[in-house]
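The basis for the numbers below is simple: all heavy atoms, side chains too, and nothing from hydrogens, waters or symmetry mates. Chain letters run A, B, ... following the sequence lines, proteins first and then strands; every chain starts at 1.
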Number of protein chains: 2
Amino acid sequence: MTDTQTTPNLSPRQAVVLSRVLGSGFVTIEALAEEFGVSAQTVRRDIITLSEKGLLQRFHGGAGPVGAAESARLDHAAKRDVAKPEKHLVGARAAAIIPDGASVFLDVGTTIECCAARLAQRKGFRIFTTSIRTALLFDPEAHEVNVIGGRLSGRDGSLTGEEVILRLNDLRIDVALIACSAVDDTERVMDFNTSKIAVKKAAMNAAAASYLLCTTSKFGRTALATIAPMSRFQSIITEVETS
Amino acid sequence: MTDTQTTPNLSPRQAVVLSRVLGSGFVTIEALAEEFGVSAQTVRRDIITLSEKGLLQRFHGGAGPVGAAESARLDHAAKRDVAKPEKHLVGARAAAIIPDGASVFLDVGTTIECCAARLAQRKGFRIFTTSIRTALLFDPEAHEVNVIGGRLSGRDGSLTGEEVILRLNDLRIDVALIACSAVDDTERVMDFNTSKIAVKKAAMNAAAASYLLCTTSKFGRTALATIAPMSRFQSIITEVETS
DNA sequence: TCTTTCGTGTAAGATTTCTTCCATCAAATG
DNA sequence: CATTTGATGGAAGAAATCTTACACGAAAGA
C-alpha cells in the first residue's frame with residue numbers, strides 16, 4: 001500500500017529543504033541543519049525521504065536538484081568514449097580560428113562543447129546551435145545565442161527533426177563546427193544517427209565554411225551513414241599537428 | 001593588488017569543469033574524473049585552483065557555483081533563491097490535473113520547473129517549451145520533448161523572438177501552463193518582460209486550455225505589461241485551497 | 001645534456017560523512 | 001490511563017572523501 005505518488009505529503013521543513021535545494025542548486029546537510037536548528041541526522045532523513053520520491057538527488061555531504069548533476073553524471077558523461085584530453089585540444093584549436101563576431105553554428109557533442117567553453121570566454125559571437133547543453137555554456141548578454149528549435153532526441157541535449165532543417169535552410173552563417181562518429185578509409189565523414197546527420201548536412205549548406213572537429217580516434221572507423229566527404233570541409237581539426 | 005582577475009589562465013579542462021559546474025549547479029568529483037578520464041586527485045586539484053580564483057565553491061565530494069545560497073551575480077539564481085515551498089505545491093497541483101498523454105506547453109519559470117519535475121516522473125507527454133532548462137528535466141525516451149527554437153534571452157534558459165511566435169502560431173496543443181510576475185487588483189495577469197509576454201500570449205492562443213501557475217504572493221502586485229485577464233485562464237493554480 | 005618545472009598518478013593517514021541501532025519524547029489511539 | 005506511532009537526537013562502526021607526501025614522465029630552459 002504505497003500511496004507515494006498521489007500524495008505529495010511533505011512536512012513544512014521538507015518543503016523548505018526542497019526549495020533550498022532547487023533554488024541554490026546544492027545545499028550541504030550542515031547548512032540545512034543549522035538553518036532549521038535540528039541535527040544533521042534529521043536533515044539527512046528529510047533528504048532521504050525527498051530523494052525516494054524523486055524530488056532531489058542525494059550527494060555525499062548534501063543534496064542537489066535531480067536534473068542537475070545527473071545530467072553531467074551518468075547520461076551525458078555516458079560511459080561511451082568519454083571526453084578525453086584530446087577533445088579539449090581540438091576544441092581549443094577550433095576556437096582559435098574563429099574570428100571575433102562571427103556567426104557560428106555549433107553541432108552537438110562533447111568536443112563541440114569543449115570549443116564552446118572557449119568561445120564563451122570571448123564576446124560578441126552570433127551562436128546558432130541545436131544543442132541545448134551547448135547553448136547553456138554561453139552568457140546571453142555577451143553573445144547572441146540562437147537555439148534552433150526541434151525535438152529533443154537524447155540526453156545529450158540534441159534537437160533534430162524537420163523544423164531544424166527548415167530553419168537551417170533559411171540561415172546564412174559564417175562557420176559551421178561539425179562533429180562526427182567516424183571517418184572511414186575512403187575519407188567519408190560518417191555518423192550513426194540519421195536525424196543528426198540531416199541536421200549536420202543542413203548546417204553545412206547554410207555555412208560559408210565548415211570545419212570538422214574530431215579526434216584521431218575516429219579515423220579508420222565506419223558508421224551508419226555518410227555526412228559528407230572530407231573534401232567538403234574547409235579543414236579537419238584534430239588533436240595532432242597537421243602542419 | 002590581486003592580479004588574479006586579469007588573467008583567467010585556465011587549462012582547457014579547467015574551463016570545461018567550470019562550465020559543467022555553472023551549467024549543472026553541482027558536479028561530483030567522481031563524475032568529472034570519469035568524464036575526463038583522469039584521476040579524482042587531478043580533478044580535485046583543478047577544483048582547488050578554480051576555487052582559489054573564486055570561480056566556484058568546493059564541497060565535500062564535488063563543487064558548485066560560487067555563492068549558491070547568497071548569489072548576487074545571477075539574476076536567475078537570485079530569483080530561484082526566492083523559491084518558496086509554495087512553488088512546489090503549485091507545481092504538484094498543476095501536474096495533477098494534466099491527463100496522461102496530453103500535449104502540454106510549459107512556460108519559463110521556477111514554478112513551471114517544479115511542475116515539470118513532476119510530469120517528468122510519468123510517461124508519454126508531448127511537451128512543448130521555450131525553456132531549455134525545463135526541457136532538460138525530461139527524458140526524451142519517455143516523452144516527446146519539443147523545444148521551440150529562438151533566441152536565448154537570459155540565464156533562466158528562456159527562448160524568445162519572432163521564430164518562437166511563428167512556430168507557436170502553427171501549433172495546436174491541449175494545455176498551456178503559464179507563469180507570471182504579477183496579478184494586479186483589476187485581475188490582469190502581468191509580467192515585466194515584453195518578449196516573454198508575446199510568447200505567453202502565443203502559447204495561450206495555441207492551447208485549448210490555459211492554466212496560470214502562481215503563488216499568492218503575486219497577487220495585488222503590478223508589472224510592466226499585461227499578458228491577459230484572469231478570465232482568460234481555465235483556472236488559476238495557487239498554493240492555497242480554492243475548493 | 002642536464003636541470004628545473006609542471007602536471008599527473010598513487011598511497012597512507014586524517015577527517016568527514018554515512019549507516020545502523022537505540023533511547024527519548026510527544027501526540028495520537030485504544 | 002496505557003499503548004502505539006512518529007519524529008528526533010545520540011553514539012559506534014563503516015564508508016567515502018580529503019590531505020599530505022612522494023614518484024614518475026614530459027616539456028621547457030640552462
Worksheet item: With A/Thr216, which residues qualify under side-chain contact (heavy atoms from CB on, under 4.5 Å), at least two apart?
Response: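 Checked A/Thr216 against side-chain contact (heavy atoms from CB on, under 4.5 Å); matches are A/Phe219, A/Thr238, A/Glu239, A/Val240.
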Worksheet entry | For A/Glu34, side-chain contact (heavy atoms from CB on, under 4.5 Å) partners two or more places apart |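 side-chain contact (heavy atoms from CB on, under 4.5 Å) check on A/Glu34 returns nothing, list empty.
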Suppose we screen for salt bridge (Lys or Arg N to Asp or Glu O under 4.0 Å). Which residues come up paired with [X], at least two apart in sequence or across chains?
{"X": "A/Lys196", "result": "A/Asp156"}
{"X": "B/Arg58", "result": "none"}
{"X": "B/Arg122", "result": "B/Asp100"}
{"X": "A/Asp185", "result": "none"}

Worksheet entry | Contacts of A/Arg45 that satisfy side-chain hydrogen bond (donor to acceptor under 3.5 Å, both in side chains) - sequence neighbours left out |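 Partners of A/Arg45 by the side-chain hydrogen bond (donor to acceptor under 3.5 Å, both in side chains) criterion come out as none, since no residue qualifies.
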Worksheet item: Of all residues at least two apart in sequence or in a different chain, which pass the side-chain hydrogen bond (donor to acceptor under 3.5 Å, both in side chains) check with A/Glu144?
Response: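 With sequence neighbours excluded, A/Glu144 shows a side-chain hydrogen bond (donor to acceptor under 3.5 Å, both in side chains) to A/Arg126, A/Asn146, given in chain and number order.
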Sub-3.5 Å pairs of nitrogen or oxygen atoms, protein against nucleotides 15-17 of chain C:
unit_1 : atom_1 : unit_2  : atom_2 : d
C/dT17 : O3'    : A/Gly61 : N      : 3.4

Which atom pairs link the protein and nucleotides 6-8 of chain C when you take only N or O atoms and keep those under 3.5 Å?
unit_1 : atom_1 : unit_2  : atom_2 : d
C/dT8  : OP1    : B/Arg13 : NH1    : 2.8
C/dT8  : OP1    : B/Arg13 : NH2    : 3.1
C/dT8  : OP2    : B/Arg13 : NH2    : 2.8

Practice prompt. Provide, to the nearest angstrom, the distance between the CD atom belonging to A/Gln41 and the P atom belonging to C/dT20.
Written response: 11 Å
Practice prompt. Anything under 4.0 Å to a heavy atom of chain B counts; send over the first and last such nucleotide of DNA chain D, read 5' to 3'.
Written response: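 So the outermost contacting nucleotides come out as D/dT17 to D/dT20.
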Worksheet entry | Contacts of type ring pair (Phe, Tyr, Trp, His ring centres under 6.0 Å), residue B/Phe138, not counting sequence neighbours |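 With sequence neighbours excluded, B/Phe138 shows a ring pair (Phe, Tyr, Trp, His ring centres under 6.0 Å) to B/His143, given in chain and number order.
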Worksheet item: If only atom types and distance count, is the side chain of A/Arg188 paired as donor or acceptor with the main-chain N or O of A/Thr222 below 3.5 Å?
Response: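 No; zero donor-acceptor contacts below 3.5 Å.
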